[in-house]
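Heads up: the structure comes next, in structure tokens.
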Amino acid sequence: MLVELDIQNFAIIKNLKIKFQPQMTVLIGETGAGKSIMMDAMSLLLGHRAQKEMVRSGQSKATVTGLFTLKPEELAAVAEIADEYGLPMDGDDLIISREISSKGRNVIRINGQLTTITALGKMGKYLVDIHGQNDQQMLMDQRRQIDLVDEYAGKELKEELAKYQADYQVWVKLTDRLAHLQKDAQELAQRQDILQFQVDELTQANLEDPNEDQELEDEFNKLNNYQKIAQQASFLMQLFDDDEHGLSTLLGDAQGSADELADLDKDFKNVSQSITDGVYSLNDARSELGDIMDSMEFDEERYQFVQDRLDTLNNLKKKYGPSLEDVFAFYSKVSKELSQFETGGLDEEALKKQIAQVAEKLDDEAAKLHQLRLQTGQRLERDIKQELADLYMEKARFSVHFAKSATYNAKGTDELAFYIAPNPGEELLPLVKIVSGGEQSRLILALKSIFSKVEPVGTMVFDEIDTGVSGRVAAAIGKKMHAIAQDKQVIAITHAPQVAASADHRFAISKQVADGETFTKVRALDEAESVKMIATMMAGNRVTEAAEKNAADLITSQRVEN
């Protein structure tokens with residue numbers, strides 16, 4: 001429950017401290033006095049968004065601090081969140097502080113330690129439920145409505161749910177393992193396919209010699225230059241063999257002249273010998289040239305083969321090289337890896353059998369949960385109908401709608417939602433789609449009256465839930481709030497005297513102006529002051545003794561029936 005609320009420089013509130021009591025408290029005051037601003041400040045303690053405009057004019061920052069005392073069920077949930085975010089806990093007390101600067105800076109502390117809006121939002125769901133803030137209402141969160149039904153069902157369903165959830169955790173682990181196994185097997189199969197393709201490609205290339213590409217390059221250059229080689233060789237042969245001016249004729253003449261000179265003068269002997277040696281060398285070259293030309297033959301098929309083979313080898317070098325020697329090394333590596341490739345140990349079929357066995361148990365357990373929820377839903381429908389009748393909505397219809405989920409979840413295979421038809425002839429619609437107004441307020445109040453004992457939240461706040469109603473309906477709303485307050489702390493802002501009369505504690509909220517400043521004041525009302533305040537709400541500013549007697553009678557009547 002909320003024990004104390006301290007608000008500093010928030011909107012028109014300058015300095016306000018209010019201590020709350022258990023059971024039902026009402027805040028009474030004129031419109032604009034600051035009652036709803038107090039609710040806005042309280043919502044900050046639950047993780048709602050802060051804005052710099054919330055800071056009181058002329059001030060640098062606003063602070064809102066709340067002290068909560070937690071019941072065991074609240075404490076367990078809050079402690080788990082505190083542990084998740086590394087926050088300290090001090091027994092069953094919880095202190096939350098929000099500081100908002102005029103420059104937009106937002107500081108959050110839980111038990112004195114800085115924390116995040118996410119952590120605060122998670123905790124807030126277990127602290128206060130402000131009617132009108134649908135995102136904070138457990139009832140308006142369709143995903144949590146099944147939890148309310150389960151809590152309402154009692155011990156038998158809890159025991160069955162515990163059995164189911166134990167097997168469900170086994171099923172989750174097994175299915176996760178199967179998914180990983182199948183993913184691993186798929187990845188292994190893909191790797192095997194890649195390796196097989198590479199090995200096949202390299203095998204088909206018939207690789208034998210790591211120097212093959214160099215040898216083929218030389219041969220290709222020869223074949224590619226065959227025409228030029230043949231032309232140059234023929235020209236050279238003509239130089240040798242021309243009858244009148246060929247090298248053979250000229251060299252013979254040169255040798256004869258040199259020999260004759262050597263015979264005439266011994267000084268020419270060396271010249272003659274050099275020319276003779278040259279003639280022999282050129283004759284040897286002529287002979288070798290003739291042999292080469294005789295053996296030369298252009299093979300078109302060989303040329304095409306060499307060209308294609310070089311293309312193959314170059315392509316392999318691009319993929320697995322850069323050198324042909326590297327290609328050979330890669331070939332050896334992937335061949336070895338493929339030969340050792342195994343997918344053994346992945347016994348998918350055995351795992352599927354285990355999953356099927358657990359699923360069979362889950363089906364039986366989920367069916368039991370469904371039957372228990374159906375029975376609980378029927379009982380809940382009867383109880384809600386009575387609550388609605390108490391609020392003069394006896395023609396309204398309430399239904400718990402069931403659907404089956406596509407697969408198992410932590411709750412079983414049930415998906416359920418609360419459906420409402422406020423008036424005769426209207427279609428049943430999900431509670432979350434009900435429009436705002438007096439009818440919705442009474443519907444929510446009826447549901448809260450039922451679930452107040454099972455909802456984990458410790459404080460329920462009703463912000464002008466009585467708007468648009470009066471007389472017996474307002475009296476019924478007041479009684480219903482007080483009934484809820486027997487299990488939860490209830491704080492209500494009200495303009496209805498019937499609701500104010502139902503409270504255990506009352507505060508007057510007023511707006512005052514002093515020294516050019518406007519600020520909100522809060523004053524606890526004693527019994528006599530409560531009578532006068534309720535009389536004012538009933539009769540206006542001219543409060544007579546009769547009005548005060550009516551107010552006292554109203555308080556008595558509300559208490560007697562509670």
Side-chain angles (χ1 to χ4, degrees), residues 1-7 20 39-51 54 63-100 105-151 158 161 165 168-169 172 409-411 417 431-432 444 447-448 451-463 487-491:
M1 61 171 275
L2 177 61
V3 177
E4 185 173 329
L5 182 64
D6 186 333
I7 305 173
F20 292 98
M39 296 301 101
D40 291 339
M42 191 182 300
S43 70
L44 290 179
L45 302 179
L46 310 178
H48 285 221
R49 185 180 177 185
Q51 299 176 335
M54 294 175 171
T63 58
V64 180
T65 304
L67 169 62
F68 296 86
T69 298
L70 308 178
K71 291 182 179 180
E73 59 272 20
E74 298 171 86
L75 181 59
V78 169
E80 184 176 344
I81 297 169
D83 184 63
E84 178 184 355
Y85 288 90
L87 298 170
M89 291 295 295
D90 184 13
D92 58 1
D93 287 338
L94 184 72
I95 299 175
I96 298 175
S97 174
R98 291 285 295 271
E99 182 181 296
I100 311 156
R105 186 167 177 263
N106 179 25
V107 177
I108 303 169
R109 289 185 176 88
I110 294 179
N111 284 340
Q113 182 168 312
L114 291 171
T115 189
T116 65
I117 193 73
T118 302
L120 181 58
K122 287 185 176 181
M123 281 192 180
K125 293 180 180 180
Y126 296 98
L127 301 176
V128 180
D129 178 4
I130 301 180
H131 176 60
Q133 307 296 328
N134 288 350
D135 57 335
Q136 288 293 320
Q137 292 180 358
M138 188 172 183
L139 286 170
M140 299 301 285
D141 186 346
Q142 188 166 305
R143 294 168 301 178
R144 300 181 68 188
Q145 289 172 356
I146 191 171
D147 296 327
L148 292 172
V149 171
D150 287 356
E151 288 291 337
K158 286 183 180 179
L161 183 59
Q165 289 179 335
Y168 174 71
Q169 291 302 317
V172 168
N409 59 60
K411 306 295 181 182
L431 180 63
V432 294
I444 295 297
L447 291 167
K448 285 183 181 294
F451 291 119
S452 61
K453 295 181 180 180
V454 298
E455 282 190 276
V457 69
T459 300
M460 293 186 175
V461 176
F462 298 97
D463 188 358
D487 296 299
K488 305 286 183 182
Q489 182 189 44
V490 171
I491 300 172

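Residue indices begin at 1 and follow the sequence shown.
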Inset, instruction - Given side-chain contact (heavy atoms from CB on, under 4.5 Å), test Y126 with L70 step by step and report yes or no. - result: CA-CA 9 Å; Y126 296 98; L70 308 178; over 6 Å; no
Legend entry - Candidate pair D129 and K488, rule salt bridge (Lys or Arg N to Asp or Glu O under 4.0 Å), full reasoning: CA-CA 11 Å; D129 178 4; K488 305 286 183 182; over 6 Å; no
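Taking every heavy atom of both residues into account, M1 and F20 meet most closely at CE-O, 3.9 Å. Nearest heavy-atom pair, F68 versus V128, reported as atom, atom and distance to 0.1 Å: CE2-CG2, 3.6 Å. V64 approaches A41 most closely through the heavy-atom pair CG1-O, 3.5 Å. In plain terms, the two heavy atoms of A119 and I81 that are nearest each other are O-CG2, 4.1 Å. The two atoms that bring P88 and N111 nearest to each other are O-ND2, 2.8 Å, heavy atoms only. The shortest heavy-atom contact between K71 and D487 is NZ-O, 2.8 Å.
With hydrogens and angles ignored, the 3.5 Å screen pairs no side-chain donor or acceptor of S43 with any backbone N or O of H48.
A distance of 5.0 Å separates OG1 in T115 from CD1 in I110, rounded to the nearest 0.5 Å. Atoms CZ and CD1, from R98 and I7 in turn, are 13.0 Å apart once rounded to the nearest 0.5 Å. Note that the CG atom of L161 and the OH atom of Y168 stand 11.5 Å from one another [nearest 0.5 Å]. For the atom pair CE (M460) and CD1 (I491), the distance works out to 12.0 Å, reported to the nearest 0.5 Å. To the nearest 0.5 Å, atom CG of residue D463 and atom CE of residue M42 are 9.5 Å apart. Going from atom CZ of R49 over to atom CD1 of I100 covers 12.0 Å, rounded to the nearest 0.5 Å.
When the options L45, I108, L44 are evaluated for a side-chain contact (heavy atoms from CB on, under 4.5 Å) with L120, the one that passes is I108. The only option from K125, K122, M89 that meets the side-chain contact (heavy atoms from CB on, under 4.5 Å) definition with V78 turns out to be M89.
Residues T65 and R109 fail the side-chain proximity criterion, which asks for heavy atoms closer than 4.5 Å. The shortest distance between side-chain heavy atoms of M54 and D40 does not fall below 4.5 Å. Between L127 and L94, some side-chain heavy-atom pair lies under the 4.5 Å cut-off.
The side chain to side chain donor-acceptor pair (under 3.5 Å) search around D150 returns R373, not counting sequence neighbours. Judged as a salt bridge (Lys or Arg N to Asp or Glu O under 4.0 Å), and not counting sequence neighbours, E74 has no contacts.
In the displayed structure, E80 atom CD is contacted under 6.0 Å by at most 12 heavy atoms of other residues, nucleotides or ligands.
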